[in-house]
Protein chains: 2
Amino acid sequence: MTSEVLTRQSVTPELALDGLDSVLGLHIGTTNTLFVSRLERQLEPLSVTPKQVAILWLVHANPGVKQTDLSRFFKIERPTVHQFVRQLMRNGYLVNEPSKLDRRAGGLWITESGQITLAEARRVIVAHEDELTACLTVREKSELFRILMKVYLSAPSKEV
Amino acid sequence: MTSEVLTRQSVTPELALDGLDSVLGLHIGTTNTLFVSRLERQLEPLSVTPKQVAILWLVHANPGVKQTDLSRFFKIERPTVHQFVRQLMRNGYLVNEPSKLDRRAGGLWITESGQITLAEARRVIVAHEDELTACLTVREKSELFRILMKVYLSAPSKEV
DNA sequence: TATTGTTATACTCTATAACTATA
DNA sequence: TATAGTTATAGAGTATAACAATA
């Protein structure tokens, strides 16, 4: 009745790890790289990156949304959001219509070309995620979501 | 007997997510950014980045290790490993002693200064991880490790 | 003064292509 | 031919500093 424990060491058995494999950040980082690098390749024909798709996704679901709102949602800085938005506008996937109520703010709208790209990208993402999580049970998958969310949302705010 | 479900929407309730929060890659990515960006700040006084510490850690545990071995362990390309190694050598944390058996290969050794830095970095990392996972039960923490490892190790190889 | 968007710049991590030296 | 290391370059994602326009 031995239960196999998968370890990182199985990749390179000759290396001593000295506890490095008990660093959670390492596992999150390498798993993230796994997801991102594979997805980037699969999205390449659509001329969008994973993060650009996420932005496109939210603009589609929230027509007229402001960059500041996207910045708050992703917890990234406004110039960082702007970089994605700029590239999406260059590619004709988004347009910026200045707000009439507050002329500082712009409202972002998805174009028809953006909608087509988003629809295709969503299919790619679903297939990609299904492939990478095929090894997990339904319960494991939902636990992974729940625990990651718990860590993410309970993180002390940045300035502390 | 309602059990609270934490959602990403709680951050920006005014935004429609349209299923974006069911994309696992998003949660892994944002949680990764959370870990990395906070840790970078805390490691800054030591003049090392998170990945540099990981390299230093393995060199310390495996005196004379080759860059190729590190490349296999982290599943990153040799030039990527070399970049970290080069910076660590510049800072005097590592030295490269060419192998006598195979003069193509170098063996990496940690310096005394590197050992001091590594010891301090390990303390920073442990404290940082404890802080970010304080919200998790022991069981949740071990499940998170186990499930991430399962995904990582069962991933189809790159060239497929 | 505060907020929104923008530009410029830089850093971390990653990759590919092409090279040298050695096996 | 194959392997170890290196160099050059690029791309994705992030940040800070400083600015203009508007509120």
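Both backbone and side-chain heavy atoms feed into the values below; hydrogens, waters and symmetry mates do not. Chain naming here is simple, since letters A, B, ... match the order of the sequence lines and numbering starts at 1 in each.
- When the side-chain nitrogen and oxygen atoms of A:Q67 are compared with OP1 and OP2 of C:dT6, one or more of them lie within a distance under 4.0 Å.
- Within the 4.0 Å cut-off from OP1 or OP2 of C:dG5, not a single side-chain nitrogen or oxygen of A:H82 is found.
- Put simply, CZ on A:R86 is 14 Å from P on D:dG11, counting in whole angstrom units.
- Rounded to whole Å, the distance from CE on B:M89 to P on D:dG5 is 10 Å.
- Within the nucleic acid shown, B:Q83 comes within 4.0 Å of at least one base atom, counting heavy atoms only.
- Along DNA chain C, the nucleotide closest to A:T30 and the one closest to A:G107 are compared, and the more 5′ of them pairs with A:G107.
- A sub-4.0 Å separation between OP1 or OP2 of D:dA15 and a side-chain N or O of B:R38 is absent.
- The residue B:T33 sits close only to the backbone: its heavy atoms come under 4.0 Å of sugar-phosphate atoms, none of a base.
- Between the C1' atom of C:dT12 and the CG atom of B:L39 lies a distance of 12 Å, rounded to the nearest Å.
- Taking side-chain N and O atoms only, A:R41 has no distance below 4.0 Å to OP1 or OP2 of D:dA12.
- Comparing A:N96 and A:G29 against DNA chain C, the residue whose closest nucleotide sits nearer the 5' end is A:N96.
- Residue A:T49 places at least one side-chain N or O under 4.0 Å from the OP1 or OP2 atom of D:dG13.
- Both B:D69 and A:F84 sit near DNA chain D, but only B:D69 has its closest nucleotide nearer the 5' end.
- Heavy atoms from other residues, nucleotides or ligands lying under 6.0 Å from CD of B:E112 number 12 at most.
- Rounded to whole angstrom, the span from the CG atom of B:L70 across to the P atom of D:dT3 amounts to 18 Å.
- Rounded to whole Å, atom C1' of C:dT14 lies 9 Å from atom CD of B:E77.
- Under the 6.0 Å cut-off for aromatic ring centres, B:H27 and A:F145 qualify, their centroids lying closer than that.
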What protein N or O atoms touch nucleotides 17-23 of chain D N or O atoms at under 3.5 angstrom, if any, and at what distances?
| residue | atom | partner | partner atom | Å |
| --- | --- | --- | --- | --- |
| D:dA23 | OP1 | A:R103 | N | 3.0 |

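- Here C:dA15 presents its C1' atom at 17 Å from NZ of B:K75, a figure rounded to the nearest Å.
- For C:dG5, one of the phosphate oxygens OP1 or OP2 lies less than 4.0 angstrom from a side-chain nitrogen or oxygen of A:T68.
- Residue B:L94 contributes atom CG, which lies 12 Å from atom P of D:dT6 at whole-angstrom precision.
- Side chain of B:S71 to backbone of B:Q67: no donor-acceptor contact under 3.5 angstrom is found.
- OP1 or OP2 of D:dA4 has not a single side-chain nitrogen or oxygen of B:S99 nearer than 4.0 Å.
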Listed pairs under 3.5 Å, donor-acceptor, residues 15-25 of chain A side chains, sequence neighbours left out:
| residue | atom | partner | partner atom | Å |
| --- | --- | --- | --- | --- |
| A:D18 | OD2 | B:R122 | NH1 | 2.9 |
| A:S22 | OG | A:G19 | O | 2.7 |

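- Under 3.5 Å, the side chain of B:T80 and the base of C:dA15 form at least one donor-acceptor pair of N or O atoms.
- Checked by atom type and distance alone, the side chain of B:S142 pairs as donor or acceptor with a backbone atom of B:R139 at under 3.5 Å.
- Using a distance-only test at 3.5 Å, with no hydrogens or angles considered, no donor-acceptor pair links the side chain of B:T12 to the main chain of A:F73.
- The backbone N or O of B:G29 sits less than 3.5 Å from a side-chain atom of B:T33, completing a donor-acceptor pair.
- At whole-Å resolution of the value, CZ in A:R72 and P in C:dT4 are 8 Å apart.
- In this structure, the side chain of B:T133 does not engage the main chain of B:L136 through any donor-acceptor pair within 3.5 Å.
- Between D:dT14 and A:K51, a contact under 4.0 Å exists linking OP1 or OP2 to a side-chain N or O.
- For the OP1/OP2 pair of D:dT14 and a distance below 4.0 Å, the side-chain nitrogens and oxygens of B:N32 include no atom meeting the criterion.
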